[in-house]
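Lettering follows sequence order; numbering is per chain, from 1. Quick note: numbers below take in every heavy atom, side chains included, and nothing from hydrogens, waters or symmetry partners. Because the structure is a prediction, the values reported are computed rather than measured.
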Amino acid sequence: MLDMKFIRENLDEAERRLQSRGGGPYLDGIKELDEKRRNLLYENETLKAERNRVSDEIAKVKDKSLVQQQIQDMRAVSQRIKEQDEELKQLDEELQLFLLTVPNLPDPSTPVGASEVDNVEVRSWGSPRQFSFAAKPHWEIGETLGILDFERGAKLTGARFTLYRGAGARMERALISFMLDLHTGQHGYEEVLPPFMVNRESMTGTGQLPKFEDDLFKIADPEYFLIPTAEVPVTNIHRGEILKKIDLPIRYAAYSPCFRREAGSYGKDTRGLIRQHQFNKVELVKFAHPSESAAELEKLTLDAEKVLQLLELPYRVMALCSGDIGFSAAKTYDIEVWLPGQSCYREISSCSSFGDFQARRASIRFREEEKSKPEFVHTINGSGLAVGRTLVAILENGQQEDGTVVIPKALRPYMGGLERIR
RNA sequence: GGAGAGAUGGCCGAGUAGGUCGAAGGCGCUCGCCUGCUAAGCGAGUAUACUGGGAAACCGGUAUCGAGGGUUCGAAUCCCUCUCUCUCCGCCA
């Protein structure tokens with residue numbers, strides 16, 4: 001969430017930057033709401049100060065019959081305070097809800113644009129392999145090899161659920177281990193394994209709630225939400241905490257399944273593993289000093305890219321434009337892997353910096369100096385990588401004319417030495 | 001699921017016949033003094049949020065003793081609801 005003080009003092013600038021996302025106006029009426037609240041707050045606190053003062057006087061008098069008038073007066077004052085408290089609570093909630101539904105300001109380095117066509121390619125790695133035959137999409141490869149069973153997945157649960165079998169299941173597990181080992185062993189992340197269900201506060205802390213409840217799977221009683229990404233529990237690890245400056249940046253790598261309703265994506269990517277209600281992901285999360293967050297985003301993106309390089313999968317890195325970045329993000333790089341079976345690049349990782357947007361919601365802070373006031377940290381996260389989509393890329397890039405799939409060398413130790421799925 | 005105990009400041013821990021308690025004391029930490037180093041000792045300071053004033057240093061107000069509500073002129077203290085933690089039983093991977 002944005003800083004109300006900042007909005008108050010830079011209303012036009014904030015509105016302008018928000019509108020680069022498209023849509024708006026975003027901040028209409030917030031100024032009036034804020035002023036109304038502060039005026040009432042001042043009145044209310046003045047009355048409370050008077051009550052406190054008179055109550056202290058009453059306390060000093062032994063014979064309460066001498067202060068009956070004051071007690072009477074304060075009874076009325078208390079009544080008034082109570083009414084104001086009620087009104088104030090309404091205003092607070094209204095303002096809070098307003099602030100919680102305003103997206104983050106795009107970072108100045110985020111290219112301005114209306115939609116994904118305005119995203120900017122930053123770099124690419126590897127070159128798409130030339131096929132001497134017609135490359136197949138992964139769902140055909142997987143079904144033929146008997147390692148992806150879409151029909152039974154649908155039987156067990158419904159559309160967008162898949163049963164992995166044999167070498168497919170093994171590869172999914174291998175990829176998780178491979179990625180975690182790389183990030184913890186080479187890139188300095190601490191491995192964490194969080195709960196896969198979280199409460200409302202955690203979902204609000206990272207920005208999924210209150211605005212995107214429809215995108216989440218929810219347990220009714222008790223009210224828990226299935227995480228749409230490990231970003232949620234992992235970022236909330238430090239919710240409400242004041243971190244030590246010398247501990248920054250804190251880096252976590254977490255595997256988790258992710259659960260998404262995919263509301264609004266009906267008809268898109270209906271075949272294959274690309275868009276599932278449940279998928280696996282290894283997530284990278286950082287808590288950084290504000291002065292380091294830009295560099296930490298660059299490093300985190302490179303950490304994610306390393307996975308693709310080791311797996312020999314061609315990709316490109318796109319800087320998302322202002323119209324395409326997510327609600328909480330200030331800046332985002334998408335890593336897109338080449339899928340020859342579909343002749344296109346598909347997102348396999350999304351790496352974002354959030355500035356203090358999440359940290360303010362979740363109250364995650366640090367002190368610049370021992371005695372200075374706490375300031376908000378910056379949060380950064382990205383997929384390192386989406387596991388299912390990595391498996392898709394391996395199947396499509398590694399397919400052979402005879403229908404078998406060559407497993408990248410780096411992954412073979414995790415597959416019991418298996419070189420080829422046949 | 002059943003029974004019981006608990007939740008106070010960075011930590012430990014007082015405080016329950018309601019008022020002078022943002023909260024004793026200790027530890028830790030910061031600054032200063034002292035000491036030939038270290039340790040000890042002495043003195044001062046040491047929460048957060050919102051908010052008013054101020055260029056700032058800073059000064060003032062309000063709130064916060066798990067959360068929410070109630071009683072009262074006044075609640076850490078009394079009443080109600082909820083959450084979480086711990087112990088025991090049950091159940092289970």
Length of the [atom1]-[atom2] vector between [X] and [N], whole Å:
X: E241(A); N: rA49(B); atom1: CD; atom2: P; value: 16 Å
X: K244(A); N: rC29(B); atom1: NZ; atom2: C1'; value: 11 Å
X: E223(A); N: rC82(B); atom1: CD; atom2: C1'; value: 14 Å
X: L91(A); N: rC50(B); atom1: CG; atom2: C1'; value: 14 Å

Across every strand shown, the nucleotide meeting Watson-Crick or G-U wobble geometry with rC31(B) (both distances under 3.5 Å) is rG43(B)
How are the rings of H187(A) and H183(A) set relative to one another: parallel (under 30°), tilted (30 to 60°) or perpendicular (over 60°)? tilted
Checklist entry - Would you call the rings of Y252(A) and F287(A) parallel, tilted or perpendicular, where under 30° means parallel and over 60° means perpendicular? => result perpendicular
Check your understanding: Would you find more than 12 non-hydrogen atoms of other residues, nucleotides or ligands less than 6.0 Å from R420(A) atom CZ?
Key -> yes
Check for a donor-acceptor pair, side chain of Q400(A) on one end and backbone N or O of G398(A) on the other, with a separation under 3.5 Å.
yes
- Would you say the side-chain atoms of T184(A) pair up with the backbone N or O of Y189(A), donor to acceptor, closer than 3.5 Å? no
So the side-chain hydrogen bond (donor to acceptor under 3.5 Å, both in side chains) pairs with at least one residue in residues 87-106 of chain A (sequence neighbours excluded) are R37(A)-D92(A)
Atom P, compared across rG45(B) and rU62(B): separation rounded to whole Å: 22 Å
Handout entry: Same-atom distance (C1') from rC79(B) to rG90(B), integer angstrom
Key = 33 Å
Side-chain atoms of R75(A) come closest, of rA49(B), rC84(B), rC73(B), to rC73(B)
Protein heavy-atom contacts under 4.0 Å, written 5' to 3' over nucleotides 58-65 of chain B as B (base), S (sugar-phosphate only) or - (none), form the string ---BBS--
The residue, M74(A) or I242(A), whose nearest nucleotide of RNA chain B is more 5′ is I242(A)
Exercise. State yes or no: are the ring centers of F327(A) and F357(A) separated by less than 6.0 Å?
Key: yes
Using nucleotides 18-24 of chain B, report all nitrogen or oxygen pairs with the protein that are shorter than 3.5 Å.
unit_1	atom_1	unit_2	atom_2	d
rG19(B)	N2	S55(A)	O	3.3

Side chains of L40(A) and Q84(A): closer than 4.5 Å at any heavy-atom pair?
yes
